[in-house]
Amino acid sequence: MKPFYITTAIVYANADPHIGFALELIYADVLARYYRMSGRDVRYLTGTDEHGSKISRKAEEAGKEPKVFVDEIAARVRQLADELNIGNDDFIQTSEERHHKSVEAFWKRVDKAGYIYKKAYKGLYCVGCESFKTEKDLVDDVCPDHKTPCEEVEEENYFFKLSAFQEKLEKLYEERPDFVVPEAKFNEMKQLLKSGLEDISISRSTKVLKWGIPVPGDDGQVIYVWFDALVNYISAIGYGEDDEMMRKYWPADIHIIGKEINRFHSVLWPAMLMAAGVKVPQQIGVHGWITANGEKMSKTRGNVLDPFELLSQYGTEPLRYFMMREIPFHSDGDFSIKRFEERFNNDLANELGNLLNRAVAMTDRYLGGVVPAVVDYNVKSHWTDYRKSMEDLRFHDGLAAAWQIVRDMNKFIDDKKPWELGKLDDKTEVSEVLYTLLEALRHVAWMIMPVTPETSYKIFEAIGTSVVEQAQMPMKEAAIWGGLQPGAKVALGEQLFPRIETKKE
RNA sequence: CGCGGGGUAGAGCAGUCAGGCAGCUCGCCAGGCCCAUAACCUGGAGGUCGUCGGUUCAAAUCCGACCCCCGCAACCA
């Protein structure tokens, strides 16, 4: 089976990474870990988008060379990925040599196929937007977004014949009903396509912008940032340089992106690939945005959440858990400290952490800490729900499936009263109850592994197994009841998630 | 008539495609339990399903009109 190739968008390197990118990294990481867990060979790519005049300007403001500036931002993004425990296999920066080479090769290929032409273009250019504006875009003669006057610019640019792909894209959309998920986001693109495609300018004169990849054969122009950035998905696997690697990983199984850049990935990117005679990706997964306390995050509102701050305050796994449980992939979700602490205390501390503690402590007390013999219990339907949810990118439902087991077990304890059974001379019944608890926890640990791997490892240790032992079996086997070996010793460790003392309002 | 998403208990949401007892989580109230992290379990209160009209034995769900909120409108993650 072809390796599962997954990418995030590459984040624009003009500022410290945003919480939204943290979310995107986690979504992709959870999916990557899920497929690894189910036995697939996975390659996970992320990186930074580093060209364009906004960055050029920012660097200038900071008094730094563009390359120095973007390397610093890229280092912060790597740090974020690291602190979030993201298991990416590669990290690409578009200012890297390998990317330049691929982009050049890509451009040449598209040019040779006849999809690039040169045209004089005269218009009002907004530096902030890096784009030309029409008269009717302007409000009181200034750009409505940046409140700055636009400059009258005339230049010769290279254009990409996007219009030539109208029908091919329509056909693609028709043949591949799940090319873009969720459906609502796909419908938007279909609508966009229906309104017609125009050719787009894909270069800028070096008079207005020097920081970019030069157009092959024309030093007077650099390549437009999107036409350059999208190519990262194939430059990172050796497009134009390493055909074997390309064959191994391409087409990508899924590009994970935010809703604001859907059109670039669902319209422009497939058209570019078709133009170059390269296969299009399998799927575009469009996720929503995080709001902060119910409001859109923005710098002007001053309510932007800093991922580094949240990480240092609450830790990696609680943050990963919250994001995946509370912010459904297919829609927007809200982040608030109140909700976060509720989730933490209820789900992680009270329900899961406490359950583990109960199960292990009683095994210690009544059975001398030895895992008893196997008794039957049906986890099959939970696994079915779980797998379906994860594969549909409904990670919150996947976690809910795991928590269904946790809740069942908490009820089960009250129902069976093992503290009474434990005092009997005949330990048969209490052994059955405790085995059920410990083994159920093993299944829970497996299910939450893509989201909270470290927590899973701790659970394994506590119930008398280990990551190493568990990793020896594929998910299919692990999902069978009875995988916990009788006779092993449980190990009552520290509390998994000590409760957070919530602040009084 | 630019496009899309949404309005269901105090909060957050599922249910709407395929009409059939209005559900889940949190919070609140009462009780139980004593293994456990003041945790766990059970029960309860709380909803004219945005509004008006239509179809139907039956509407949160289908049809029509309207009101309100949010987002997008070619580079905000």
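Every chain is numbered from 1, with letters handed out A, B, ... down the list of sequences. Only a predicted model underlies this, so the values are computations on that prediction, with no experimental measurement involved.
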Side chain of [X], heavy atoms from C-beta onward: which of [options] has the nearest atom to it?
| X | options | answer |
| --- | --- | --- |
| Asn357(A) | U37(B), G5(B), A73(B) | U37(B) |
| Lys411(A) | C41(B), A39(B), C26(B) | C41(B) |
| Tyr366(A) | C35(B), A77(B), U37(B) | C35(B) |
| Glu420(A) | C34(B), A74(B), U25(B) | C34(B) |
| His18(A) | G5(B), C76(B), A77(B) | A77(B) |
| Val11(A) | C76(B), U37(B), A77(B) | A77(B) |
| Lys423(A) | A77(B), C75(B), C35(B) | C35(B) |

Provide, to the nearest angstrom, the distance between the [atom1] atom belonging to [X] and the [atom2] atom belonging to [N].
| X | N | atom1 | atom2 | value |
| --- | --- | --- | --- | --- |
| Leu356(A) | A36(B) | CG | P | 14 Å |
| Arg325(A) | A14(B) | CZ | P | 14 Å |
| Met409(A) | C41(B) | CE | C1' | 14 Å |
| Phe186(A) | G5(B) | CZ | C1' | 18 Å |
| Asn14(A) | C75(B) | CG | P | 14 Å |
| Asn410(A) | G32(B) | CG | C1' | 15 Å |

So what does [X] hit on the nucleic acid, given a heavy-atom distance under 4.0 Å: a base, only sugar-phosphate, or nothing?
| X | result |
| --- | --- |
| Leu23(A) | nothing |
| Arg407(A) | sugar-phosphate |
| Ile290(A) | base |
| Lys259(A) | sugar-phosphate |
| Gln495(A) | base |

Reading RNA chain B from 5' onward, which residue's closest nucleotide shows up sooner: Glu326(A) or Arg358(A)?
Glu326(A)
Would you kindly compare Pro418(A) and Val406(A) by the position of their nearest RNA chain B nucleotide and give the one closer to the 5′ end?
Pro418(A)
Would you please confirm or rule out a distance under 4.0 Å between OP1 or OP2 of [N] and any side-chain N or O of [X]?
| X | N | result |
| --- | --- | --- |
| Arg499(A) | A39(B) | yes |
| Asn354(A) | C40(B) | no |
| Asn346(A) | G27(B) | yes |
| Asn350(A) | C40(B) | yes |
| Arg339(A) | G27(B) | no |

Under a 4.0 Å threshold between the charged nitrogen and the carboxylate oxygen, would [Y] count as salt-bridged to [X]?
| X | Y | result |
| --- | --- | --- |
| Arg442(A) | Glu439(A) | yes |
| Asp82(A) | Arg78(A) | no |
| Lys259(A) | Asp332(A) | yes |
| Asp334(A) | Arg339(A) | no |

Check: G32(B) base within 3.5 Å donor-acceptor of Asp414(A) side chain
yes
Any donor-acceptor pair under 3.5 Å linking the side-chain atoms of Tyr314(A) with those of Glu341(A)?
yes
I want to know whether Tyr117(A) and Phe160(A) have ring centres closer than 6.0 Å.
no
Does Trp289(A) lie flat on the base of A77(B), that is, centres under 5.5 Å apart and planes under 30° off?
yes
